[in-house]
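Report on the structure given below.
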Amino acid sequence: MECPRQKAELILSYAAGTLEPSAQIEFERHLASCESCRQLLMRQQTVWEALDVWHGAPVSSGFSDKLYERIAEHERASWWRRTVEYRWSRLLRPVMPVAAASAAILIAFLVKAPLQSPNFGGPAEPAVSMEQVERALDDMDMLKPLSTSMPPAGMPAPAARNQRI
Amino acid sequence: MAAAASLERDAELMLRVRSGDEASFTALLDRHRAPVVHFLYRMLQNQAVAEELAQEVFLRVYRSRGTYEPTAKFTTWLFRIATHLALNWIRDGKNEKLHESLDQELEGVPRQVADQNPTVEQAMLYEARLAEVRRAIEMLPAKQRAAVLMHKYEEMEYSQIASVLGCSESAVKSLLFRAYETLRSRLAHMV
């Protein structure tokens, strides 16, 4: 019996009177020769006797009546909850398929709508082509200030970018 | 033998409650009301709260009657609910707000003393010892407290305490080992 934990468990069981008879005999034999176990047992028995002092107070006389009132109240609330749920389910059951279909359509509409650009009543704008984009950029080049594109004095002016060769 | 017969009887009664037999619920209530209240009282040290939570325990047992299956001992189920409610109460801090002094709590409740006609000195000694024990138990961590109370006052075995607390048997032994070690140091002078 080297492990203090095992020793404490045995002492606890012995003090509580829950050891098997054979284990009890063996433990008592050990106690006869082990001072530390005897000390520990004495302290544990002190705790046991101290705890015995603490009796439970009598339960109040109205305990059961109050409990039955709470049970009855719970049953009434449960009945009311079940009645309301039953009536709602009877009301909603016929329209559930229609409601489900409407919800599906609404969801589909909301999902599809953001893919199109917003149109606030004017004519739809035509798609813009790459050719138009290049032409717009060339026009912008034409509008650049001449000082940046003017050759030094005596040198010929550079050919316009949009002239076809 | 008698304990085993009693356990079977509990399961049998609860199965009758499941079938709608209200008298069987009353029988279970009469049998287990006091142990549950006492357990909760020792956990929370407030008689009024203990009775309120004990009612909640039995209310839940009643509400669950339709799905009851005797897969575990009835007392395991009962004390599992009680311990759960007590630990929640302690965790929520309500125990601190409603903790009563020994004098307030025992107002109107007959004080229990070992002798039928104690002397004044005996009564004072009893009160002092009781206060020490209450303080020592109260200072234990909640789970250790629950384990000690079930072990000492309900005489539950480790396996049943483990089922109540939802832990292993070795965890219960650890809880008890530490709890009793603490109690031994705090109550050693009470020889």
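If you're wondering where the values come from, they're calculated on a predicted model, not measured in any experiment. Scope of the values below: all heavy atoms of this structure, side chains included, with no hydrogens, waters or symmetry mates. Labels below follow one simple rule: chain letters A, B, ... track the order of the sequence lines, proteins then strands, and each chain is numbered from 1.
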| Ser170(B): side-chain hydrogen bond (donor to acceptor under 3.5 Å, both in side chains) partners, not counting sequence neighbours | Ser168(B)
| task | Just jot down the side-chain hydrogen bond (donor to acceptor under 3.5 Å, both in side chains) partners of Ser102(A), sequence neighbours excluded, or say none. | result | none
So which part of [X] gets closer than 4.5 Å to some heavy atom of chain A, the side chain, the backbone, both or neither?
X         : value
Arg42(B)  : both
Phe39(B)  : neither
Leu183(B) : both

| note | When the 4.5 angstrom heavy-atom criterion is applied to Thr18(A) and chain B, the contacting part is neither
| field | side-chain contact (heavy atoms from CB on, under 4.5 Å) partners for Ser22(A), two or more places apart | value | Glu20(A)
| request: Can you label the angle between the Tyr14(A) ring and the Phe27(A) ring as parallel, tilted or perpendicular, going by 30° and 60°? | output: tilted
| field | Verdict with reasoning, Leu175(B) to Tyr158(B), per side chain to side chain contact (heavy atoms under 4.5 Å, CB included) | value | CA-CA 10 Å; Leu175(B) 285 172; Tyr158(B) 298 139; over 6 Å; no
| Is there a donor-acceptor contact under 3.5 Å linking the side chains of Tyr68(A) and Thr26(B)? | yes
| query | Would you say the side chains of Ser64(A) and Arg33(B) form a donor-acceptor pair under 3.5 Å? | reply | yes
| request: Anything in residues 53-62 of chain B with a heavy-atom distance to chain A below 4.5 Å? Please list those residues in order. | output: Ala54(B), Gln55(B), Glu56(B), Phe58(B), Leu59(B), Tyr62(B)
| Do Glu132(B) and His189(B) have side chains that get closer than 4.5 Å, going by heavy atoms? | yes
